[in-house]
Enquirer: 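Would you mind keeping the following structure in view while I ask a few things?
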Amino acid sequence: MSEKITKREIAKEAKLFAIYGFVFVYFVFKMFYYMEQIWYVPDEEAHISYVAYLEEYPDKIIPEFENITLYGGGVSRGEPRFWYFNEHKVCYLGHPPLYYHMMKLLNATDPQGEEMFVDLYPLKLANIVLTSFTMLIILYFGYSRMKRFTMSGFYHSVFAVAATSVPMLALCGSGVTNDNLSNLGVILFLIGVFRYYEERINYGTYFLVALGFFISIMSKLTTGEILVLMLAVIFLAELIRNRNLKLIANRYFFASLPIYLIAAAYFFIILKNYGSIQPGLEVIAPNELNIIPEEEREVMSFFAYMEHFFKNFIYTWSGIYNGRFYMMKVFAPFVRYPFYFIVILCFVRGIIGIVQWIRKKDIYDMVYISAVISLLITIITQFLNGYRGFIERGYMGGYQARYYLCMIPILAFACGETFGRLDTESEKTRSKGQRVLIWCRRIIGRAAAFAFVLWMLYSDFLYFLSIYKAYKW
């Protein structure tokens, strides 16, 4: 009997391994396809300009943002070298430099006066490798947590497909952008937080939280803001529940404290030098700020701008774009809805989690609550910053949803867990009527999971392939 059980368990593990392996290979294939076909990712020229600056001045740990030259172009002049030209402008990126210090190690840029030649393939391949590594960790995270309550391949497929199907994730992974490093930081942070609530409280847990936080905030400030808010919510919740400082008053936190202090030191220096923790053009090059004349601006009320912002926000979450190529699926709602569904499901899970946290029903409730609160605050902040830019200089952008790709692991886990919970009741010690109800729910749950997986797969890459030629620029 035990041998049969062992073989059954091995078969289940093999099935899950096949599912996750297929989804991973499929995701990597999408990145290579996008690299060859779409090629460009948002703000790629600016990111490459930042890398070129740090290659030219390798001893600068903290950049002088006002001296980073912006290059444009990206024209092939005999592969793998691409030609860029000096735009005689300051690079508008004020991001922390961790990602760019990593990319400069490839020595891929060669400024020559008014021109710059870039070995672009090594940079792109490095980002594909980085994103692939991150995705392996994300899939391991889902596999290891999902199997706590289900071994069904249907529900593991929901997590795996949800984690890999938001279109912009694979596109960004195929190009040069700091999003790829910040995504790695977030999944390390989330694994640490999950370990904490699983009562695996040790040096490893606190180190994962600190390292993930450091990588994220030193790569992209928006991501850092999300994690700061999550930590704040978790700290307050622990303070309310336990009425002590046990979360931070322990040897594990003090051992990881230097990692936080290094990040704090960087932002203190930047604040001291620029009066802002992320200096934009209004600080480093105000004369280059694009201010649209009053008579040429769009006229919108506050609510009209709100509609403009959030309409484009949700389009950029479900669609694919890079500043030169747009497939927003505006007239194809069927292929937009699954990407909204995973967000809504996480928010619902967070709201339910508040009640369950009070009743101490689920160990992961506070992770969902903190994620939902931090996302809401960060999105509202993004909206207010966009509205301020619209009022002050007529700026109509700033609504991109790709800033939240980093939170896909928690969105996908909420999705997989919700489906998976439909299938956790045991049939043992149940009456015949109860067993029938359990089986009915199981059949409905697995059918819904299977349909959802097909819906996500089609709405992402298969839909892209079906109409790509019509969209080529």
Side-chain angles (χ1 to χ4, degrees), residues 8-31 33 131-170 173 183 187 190-191 194 317-318 334-346 348-349 364 367-368 405 407-425 438-466:
R8 191 182 302 127
E9 293 301 318
I10 291 173
K12 286 182 178 180
E13 293 283 358
K15 180 174 64 176
L16 294 182
F17 181 81
I19 290 169
Y20 284 102
F22 169 78
V23 170
F24 174 73
V25 171
Y26 184 55
F27 178 75
V28 173
F29 170 78
K30 287 191 294 183
M31 287 194 290
Y33 188 88
T131 305
S132 299
F133 177 67
T134 301
M135 184 52 65
L136 280 174
I137 299 175
I138 291 173
L139 294 177
Y140 166 76
F141 159 78
Y143 160 77
S144 59
R145 268 69 193 179
M146 290 272 302
K147 66 185 292 189
R148 289 170 175 266
F149 51 85
T150 181
M151 289 293 288
S152 168
F154 289 94
Y155 306 121
H156 281 265
S157 296
V158 169
F159 169 83
V161 171
T164 55
S165 293
V166 177
M168 283 301 293
L169 184 62
N183 293 343
I187 186 57
L190 287 175
I191 290 173
F194 270 73
W317 177 254
S318 58
F334 177 78
V335 292
R336 296 201 317 265
Y337 291 159
F339 307 108
Y340 306 157
F341 178 78
I342 63 173
V343 177
I344 293 169
L345 200 58
C346 184
V348 171
R349 183 64 181 82
Y364 298 141
V367 184
Y368 290 118
L405 292 173
M407 295 301 284
I408 282 177
I410 194 70
L411 300 178
F413 185 74
C415 203
E417 184 199 32
T418 303
F419 275 96
R421 294 291 185 186
L422 298 173
D423 210 349
T424 56
E425 284 195 68
I438 291 172
W439 268 101
C440 287
R441 195 170 76 169
R442 183 170 297 172
I443 291 169
I444 292 170
R446 293 187 178 189
F450 183 67
F452 178 75
V453 166
L454 293 180
W455 190 20
M456 288 285 286
L457 289 173
Y458 173 72
S459 300
D460 172 31
F461 194 57
L462 297 179
Y463 177 79
F464 169 83
L465 292 177
S466 70

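Worth saying up front: this structure is predicted, and the values here are computed from it rather than measured.
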Enquirer: Just by modelled atom types, is the D460 backbone N or O under 3.5 Å from a matching donor or acceptor in the K30 side chain?
Expert: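 A pair under 3.5 Å: no.
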
Enquirer: In a check of side chain to side chain contact (heavy atoms under 4.5 Å, CB included) between I138 and each of F133, F24, F159, which one passes?
Expert: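 Among F133, F24, F159, the one meeting side chain to side chain contact (heavy atoms under 4.5 Å, CB included) with I138 is F159.
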
Enquirer: Indicate yes or no: at least one non-hydrogen side-chain atom of F339 is less than 4.5 angstrom from one of M456.
Expert: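 Yes. Closest side-chain heavy atoms under 4.5 Å.
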
Enquirer: With a 4.5 Å limit on heavy-atom distance, are the side chains of F413 and M146 in contact?
Expert: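 Counting from C-beta outward, F413 and M146 do come under 4.5 Å.
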
Enquirer: When the ring planes of F334 and Y458 are compared, do they come out parallel, tilted or perpendicular, using 30° and 60° as the limits?
Expert: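 It falls in the tilted class, 30° to 60°.
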
Enquirer: Would you mind reporting whether R349 and L345 have side-chain heavy atoms less than 4.5 Å apart?
Expert: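 Sidechains of R349 and L345: no contact.
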
Enquirer: Side-chain donor-acceptor pairs under 3.5 Å in residues 11-23, sequence neighbours left out?
Expert:
unit_1	atom_1	unit_2	atom_2	d
E13	OE1	Y143	OH	2.3
E13	OE2	Y143	OH	3.4
E13	OE2	K147	NZ	2.9
Y20	OH	H156	ND1	2.7

Enquirer: For the CZ atom of R148 and the CZ atom of F194, what is their distance to the nearest 0.5 Å?
Expert: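 Answer rounded to 0.5 Å: 10.0 Å.
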
Enquirer: Do any N or O atoms from the side chain of S165 and from the backbone of A162 form a donor-acceptor pair under 3.5 angstrom?
Expert: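 Not confirmed, S165 side chain does not pair with A162 backbone.
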
Enquirer: Can you tell me how far apart CZ (F29) and CZ (F461) are? Round to the nearest 0.5 Å.
Expert: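 The distance works out to 5.0 Å.
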
Enquirer: For the residue pair W317 and V343, establish whether any side-chain heavy-atom pair is separated by less than 4.5 Å.
Expert: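 Contact flag for W317/V343 side chains = yes.
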
Enquirer: More than 12 non-hydrogen atoms from neighbouring residues, nucleotides or ligands closer than 6.0 Å to OH on Y340, yes or no?
Expert: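 Above 12, so yes.
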
Enquirer: Kindly compute the distance separating OG1 (T164) from CD1 (I408), expressed to the nearest 0.5 Å.
Expert: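 Taking OG1 in T164 and CD1 in I408, the distance rounds to 9.0 Å.
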
Enquirer: Distance check, rounded to the nearest 0.5 Å: L405 atom CG versus T131 atom OG1?
Expert: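 Output value for this atom pair is 10.5 Å.
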
Enquirer: Give the minimum heavy-atom separation between A170 and M31, together with the two atoms involved.
Expert: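 A170 and M31 have their closest heavy atoms at O-CG, 3.4 Å.
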
Enquirer: Side chain to side chain contact (heavy atoms under 4.5 Å, CB included) between F27 and L169: does it pass, once the steps are laid out?
Expert: CA-CA 9 Å; F27 178 75; L169 184 62; 4.0 Å; yes

Enquirer: Counting C-beta onward and ignoring hydrogens, is there a side-chain heavy-atom pair between I191 and I137 closer than 4.5 Å?
Expert: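 In contact.
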
Enquirer: In chain order, what residues pass the salt bridge (Lys or Arg N to Asp or Glu O under 4.0 Å) check against R145, with sequence neighbours excluded?
Expert: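 For R145, the residues satisfying salt bridge (Lys or Arg N to Asp or Glu O under 4.0 Å) (neighbours in sequence not counted) are E198.
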
Enquirer: Within the structure provided, determine whether Y463 and S466 are in side-chain contact (heavy-atom separation under 4.5 Å).
Expert: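 In short, these two side chains touch, coming nearer than 4.5 Å.
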
Enquirer: Working to the nearest 0.5 angstrom, can you tell me the gap between M407 CE and I187 CD1?
Expert: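 It comes to 10.0 Å.
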
Enquirer: Hey, does W455 have a side-chain heavy atom less than 4.5 Å from the side chain of V161?
Expert: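 Not touching, per the 4.5 Å side-chain cut-off.
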
Enquirer: With a 4.5 Å heavy-atom cut-off, do V348 and T418 have their side chains touching?
Expert: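 In short, these two side chains do not touch, never coming nearer than 4.5 Å.
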
Enquirer: Using every non-hydrogen atom in the two residues, find where P409 and L190 come nearest and quote the distance to one decimal.
Expert: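 Nearest pair, atom of P409 first, then L190: CB-CD1, 3.9 Å.
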
Enquirer: Please determine whether side chain to side chain contact (heavy atoms under 4.5 Å, CB included) holds for the pair S152 and R442, giving the CA-CA distance in whole Å, both sets of side-chain angles, and the decisive distance to 0.1 Å.
Expert: CA-CA 10 Å; S152 168; R442 183 170 297 172; over 6 Å; no

Enquirer: Would you please test F452 and I342 for side chain to side chain contact (heavy atoms under 4.5 Å, CB included) and show each step?
Expert: CA-CA 10 Å; F452 178 75; I342 63 173; 3.6 Å; yes

Enquirer: Kindly state whether the ring of Y155 and the ring of F149 have centres lying under 6.0 angstrom apart.
Expert: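 Ring centres of F149 and Y155 not closer than 6.0 Å.
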
Enquirer: First locate atom CG of L139, then atom OG1 of T134, and finally report the distance between them rounded to the nearest 0.5 Å.
Expert: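 OG1 of T134 is found 11.0 Å from CG of L139.
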
Enquirer: In sequence, state the C-alpha distance, the side-chain angles, and the governing distance for Y337 and S459, and then conclude on side chain to side chain contact (heavy atoms under 4.5 Å, CB included).
Expert: CA-CA 9 Å; Y337 291 159; S459 300; over 6 Å; no

Enquirer: For a quick test of reading the model, state the closest non-hydrogen atom pair linking F341 to C415 and the distance between them.
Expert: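 Shortest heavy-atom separation between F341 and C415 comes out as CE2-SG, 4.3 Å.
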
Enquirer: Between E417 and Y368, which heavy-atom pair has the shortest distance, and what is it?
Expert: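 The pair with the smallest heavy-atom distance is OE1-OH, 2.7 Å.
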
